[in-house]
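First up is the structure itself, then whatever we jot down about it.
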Amino acid sequence: MTQETGETMLQSRDRATAGPRDRVVLNLPELDQCVHCGLCLNHCPTYRVTHLEPESPRGRIHLVRAVAEGRIEALDPARGTPNERFAEHIYLCLMCRACETACPSGVQFGRIAEAAREVLGPPGSPMARRLARLAFTQVFPFPRRLRWLASALRLYQRSGLQRVIRLMLPRRLREMEALLPTVPSRFFAPEADLPAIGKRRARVALLSGCVMSTLFGEVNNATVRVLRRNGCDVVVPRGQVCCGALNVHNGETTAARRMARRNIDVFLDAGVDAVIVNAAGCGAAMKEYGHLLRDDPDYAERAARFAALVKDAGEFLAGLGLVPPSGRIEMTVTYQDPCHLAHGQKVRAQPRQLLAAIPGLHLVEMEGADRCCGSAGIYNITHPEMSKELLTEKMAAVGRTGAEAVVAPNPGCMLQLRFGAQRYGPALPVFHLMDLLDRAYEAKTDC
Amino acid sequence: MARLKEIVGPTYVLTRPEDVVVYEQDAFLVARALPDIVVLPGSTAEVAGVVRLVHEAGVPLVVRGAGTGLNGGSIPIAGGVMLVLTRMNRIVELDPRNRLAVVEPGAINVDVTAAAAQHGLFYAPDPGSQTVSTIGGNVGNNAGGPHCLSYGVTGNHVLAMEVVLASGDVTWVGSRSADHPGYDLCGVVVGSEGTLGVVTAIVVKLLRKSQAVRTLLAAFETIDDASQTVSEVIAAGIVPTAMEMMDGVVMAAVEAAIHAGYPQDAGAALLIEVEGHPESLPRQMKRIEEICRAHAPRMLRTAASEQERLLLWKGRKEGAGALGRLAPSYYLHDGVVPRAKLPDVMRKVVEVGKAYGLSIGNLFHAGDGNLHPIILFNPREPGIMDKVVRAGEEILRACVEAGGTITGEHGVGIEKREYMRWMFSDADLMAMQRVKRSFDPDGIMNPGKLLPVGERPDVTVRPAMAAGMWT
């Protein structure tokens with residue numbers, strides 16, 4: 001326990017350039033940029049709940065640094081399995097990147113955490129790790145398998161089997177089961193040709209997304225309609241795959257790189273002005289393809305070129321200049337900043353500008369709008385306790401605004417907030433920004 | 001160990017390397033040392049229980065808040081038990097009529113001000129770290145901040161404190177009312193850096209917000225012009241609530257980070273703020289502007305809106321951190337000079353930077369002569385730390401020679417304990433040692449901090465506890 005209590009002052013920070021792989025990989029230049037000022041602490045959701053340094057951004061950076069210096073093992077040197085305690089700290093992080101917004105030194109914490117997870121591999125028990133690897137390498141990269149799985153889930157929910165199974169599950173599994181979203185009757189199946197309505201202003205491609213196309217097909221349709229009404233020719237290239245964000249966040253980068261290369265080829269071939277993404281997590285991941293493929297001589301340059309084309313739907317429309325909708329929506333809403341939009345892509349003002357452009361719509365800001373809701377990809381499944389804590393706090397903040405609905409332009413947040421509205425209240429609907437814009441345009445055609 | 005877990009609960013006793021390693025360092029980047037055990041108590045009773053146990057075992061005890069200290073005061077250089085008070089973060093009582101608040105030591109500085117704001121009040125000391133640093137830590141180091149020029153430092157705002165003594169006994173020092181009779185023990189405990197006892201509750205003064213505030217940004221060709229302006233404003237009998245200086249190096253970094261609208265090609269800028277009655281401000285501002293104009297300013301800009309004012313301040317508050325963009329690491333220094341000597345010492349700082357070949361940024365409380373030279377460096381450069389420390393030492397010596405001190409608000413910790421000899425005689429230091437002994441006869445409270453131990457703090461420290469003694 002007391003094997004190493006002291007350290008020499010005036011140390012130089014010499015770190016591994018040779019030695020075990022985890023040490024070398026985690027010897028990141030980003031680590032040097034952290035000056036330990038601690039200004040991130042209070043912005044970190046897990047630190048705010050636990051008040052523990054190892055569950056803070058600065059603490060996690062320090063842990064990774066300790067690995068790079070060979071003072072802590074990330075992996076068991078004999079068996080190659082993760083050092084569990086280290087992995088727990090690295091995986092309790094939501095990857096919300098609120099710390100990046102707070103950091104005055106510009107430390108890119110996301111890159112540090114992703115590198116650590118790459119060394120560790122997926123989280124959880126050996127069984128969960130195997131399952132996760134299977135999903136990341138065998139399901140997400142293949143749109144057809146994904147749809148097949150979603151169909152199976154739909155059958156399970158519609159057939160009455162769900163009600164029977166629920167009664168049989170132990171509590172923990174029942175709570176996880178309750179998080180399963182209802183699969184709608186139709187997936188996103190766009191027509192080949194989606195021309196601009198009115199004067200043509202741009203030609204764009206849309207990422208269908210894995211979750212968006214199966215669970216939020218209607219939001220994708222709404223996005224297409226809104227883009228067309230704003231003078232965009234829309235193409236939805238066939239052959240595109242899931243963006244790979246879940247893989248990268250959960251320590252599986254091999255398939256993630258494969259998926260990135262595929263998307264780069266498909267979208268660059270489409271010859272468009274912009275690649276539109278309506279899921280914040282995917283947008284952030286795709287804007288970072290350049291970093292993901294930085295060591296790939298064949299793709300580094302193409303990845304950077306592709307990344308420059310990626311735009312969040314709200315960001316793009318605000319930049320283009322929104323065709324003002326004349327239909328009214330009489331409603332008071334509050335806006336949840338998706339972490340990977342506000343912190344990951346620094347897009348905060350644009351969605352609010354678009355909401356303000358809808359006649360009749362009134363936006364009330366909630367306290368901590370840019371604080372994570374606890375969804376964080378698959379985090380609500382891997383860390384139900386922490387996720388629940390953050391969600392209750394979030395729903396209380398929503399309740400205090402007195403809003404009639406929440407707007408959150410990201411599928412993960414939408415699922416989580418819907419679950420929160422149902423479980424903790426207030427019972428209010430959750431919309432995607434594109435949903436509301438689409439409605440505002442449609443309301444005009446109705447009258 | 002079992003008894004520790006009984007007192008605070010098993011979740012809050014940390015011993016595994018993957019847990020305690022993050023507590024080996026605070027915001028002082030030069031040193032680090034692992035604690036043997038980290039304990040996070042949730043109440044005064046738990047603190048007292050832990051301290052009693054530690055006292056019985058005779059091992060060192062180090063208290064830590066948010067770990068934003070810049071002098072290494074919370075680094076457990078002798079190992080032992082570290083008491084982390086971040087869980088004790090409640091604002092226990094807010095009494096607007098008597099304008100005071102009772103807070104736990106882990107309460108965050110800015111949270112206290114936010115709570116007070118509902119009653120039109122605020123907590124005055126505003127260190128750069130105020131969004132994270134704790135009141136307990138502020139008290140331990142007698143923290144300052146830009147607005148301390150007219151409001152005073154932490155010690156001027158503490159009325160009373162609950163203290164757990166080294167024996168584990170709980171006592172109160174000071175009182176809620178003014179003019180407490182007898183020894184000013186509050187004054188002794190404030191700034192004692194955890195070497196006397198553990199503060200578990202603090203009664204702080206709250207102030208009423210001023211009716212009006214004006215903030216002026218004045219940019220100059222050279223640091224010298226800005227320094228002269230500061231000297232003259234003070235000499236003219238004006239006391240702004242804040243008068244901050246930043247040099248060109250810092251301004252460029254801040255602009256890159258947050259786009260506050262600072263001029264990028266000026267040598268130095270002053271951020272001057274005055275508060276008071278709406279009618280009195282224009283006259284004060286006019287007088288300040290006149291003095292600025294005598295030094296050929298590049299830019300004079302008064303914040304037109306509260307938003308613009310906050311942005312100007314954000315640039316100041318995050319200035320040091322923004323320097324992380326210019327170099328991988330930095331060493332933030334803290335010294336004080338008499339304001340009339342400001343131009344001379346600033347010239348010396350520039351000279352030292354040149355002599356050592358180090359880039360130095362300056363961002364500091366010019367109004368009270370509290371310098372913060374920030375030495376930029378790359379930690380991967382061999383032998384760099386020694387050079388950085390020596391350059392810093394030379395700057396501090398220049399401060400002392402000019403009639404100033406070795407620290408304005410960061411405290412002494414391990415960083416400056418040997419420099420205490422530059423300021424105090426052996427007899428002075430012995431008297432301080434006796435004060436410490438009367439609170440902490442066995443010397444378990446934060447050993448090796450604040451007072452010189454007779455050697456440069458570049459020693460490899462031995463573990464204080466025998467392996468297994470707690471199990």
Side-chain angles (χ1 to χ4, degrees), chain A residues 1-15 27 29-44 47-48 50-56 58-67 69 71-74 83-90 102-107, chain B residues 15-19 21-27 29-34 36 40 66-68 77 79 84 86-87 89 106 108 129 131-133 257 318-325 328-330 378-386 389 457-468 471:
Chain A
M1 200 177 73
T2 49
Q3 69 277 34
E4 193 193 9
T5 310
E7 271 296 314
T8 313
M9 294 262 300
L10 311 181
Q11 53 186 312
S12 72
R13 281 201 228 134
D14 297 327
R15 259 177 250 130
N27 186 12
E30 282 88 355
L31 294 174
D32 288 340
Q33 252 183 314
C34 173
V35 291
H36 253 242
C37 68
L39 289 185
C40 53
L41 296 185
N42 222 11
H43 296 268
C44 174
Y47 180 78
R48 290 171 63 91
T50 62
H51 302 293
L52 293 168
E53 182 82 12
E55 318 300 1
S56 76
R58 180 178 64 178
R60 293 181 185 114
I61 290 172
H62 200 86
L63 281 168
V64 173
R65 191 180 275 167
V67 170
E69 290 168 347
R71 302 193 295 140
I72 284 181
E73 308 284 355
N83 171 344
E84 266 178 50
R85 193 71 187 139
F86 175 72
E88 275 170 35
H89 294 316
I90 296 296
C103 180
S105 306
V107 175
Chain B
T15 52
R16 298 181 54 154
E18 301 88 348
D19 292 328
V21 73
V22 300
Y23 291 101
E24 70 180 351
Q25 196 163 39
D26 52 22
L29 291 174
V30 184
R32 61 187 186 194
L34 285 171
D36 293 278
L40 293 103
T68 57
I77 48 170
V84 177
T86 47
R87 285 178 64 218
N89 61 352
I108 292 165
S129 59
T131 56
V132 273
S133 63
E318 297 188 359
L323 287 172
R325 288 168 191 267
S329 198
Y330 64 74
N378 180 352
R380 299 206 182 199
E381 197 183 312
I384 186 73
M385 283 316 298
D386 193 44
V389 170
D458 53 353
V459 286
T460 303
V461 193
R462 305 271 157 247
M465 291 197 249
T471 46

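Note that the coordinates shown come from a computational prediction; the quantities given were computed from them, not determined experimentally. Just so it is clear: chains get the letters A, B, ... in the order the sequence lines come, proteins before strands, and each one is counted from 1.
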Point to revise | Winner by heavy-atom pair count (cut-off under 4.5 Å) against chain A, out of T131(B), V84(B), D19(B), T68(B) | key: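 When all of T131(B), V84(B), D19(B), T68(B) are compared, D19(B) has the most.
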Say you draw a straight line from [atom1] of [X] to [atom2] of [Y]; how long is it, rounded to the nearest 0.5 Å?
| X | Y | atom1 | atom2 | value |
| --- | --- | --- | --- | --- |
| R16(B) | E84(A) | CZ | CD | 8.0 Å |
| L40(B) | H51(A) | CG | NE2 | 10.0 Å |
| H62(A) | R32(B) | NE2 | CZ | 6.0 Å |
| N27(A) | R380(B) | CG | CZ | 4.5 Å |
| T86(B) | R48(A) | OG1 | CZ | 13.5 Å |
| S129(B) | N42(A) | OG | CG | 11.5 Å |

Shortest non-hydrogen contact from [X] to [Y]?
| X | Y | result |
| --- | --- | --- |
| Y23(B) | E53(A) | OH-N, 3.0 Å |
| L41(A) | A66(B) | CD1-O, 3.5 Å |
| H36(A) | A27(B) | O-CB, 3.3 Å |
| R71(A) | V21(B) | NH2-CG2, 4.0 Å |

**Study point:** Under 4.5 Å from any heavy atom of chain A - which part of L323(B)
**Key:**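 Neither part.
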Check your understanding: So which part of N89(B) gets closer than 4.5 Å to some heavy atom of chain A, the side chain, the backbone, both or neither?
Key ->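 Answer is side chain: those atoms of N89(B) sit under 4.5 Å from chain A.
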Point to revise | Top contributor to chain B interface from G38(A), P104(A), G106(A) [non-hydrogen pairs under 4.5 Å] | key: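 Of the candidates given, the most pairs with chain B belong to P104(A).
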Review point. Is chain B contacted by the side chain of I61(A), its backbone, both, or neither, given a heavy-atom distance below 4.5 Å?
Key: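 Contact with chain B is absent: no heavy atom of I61(A) under 4.5 Å.
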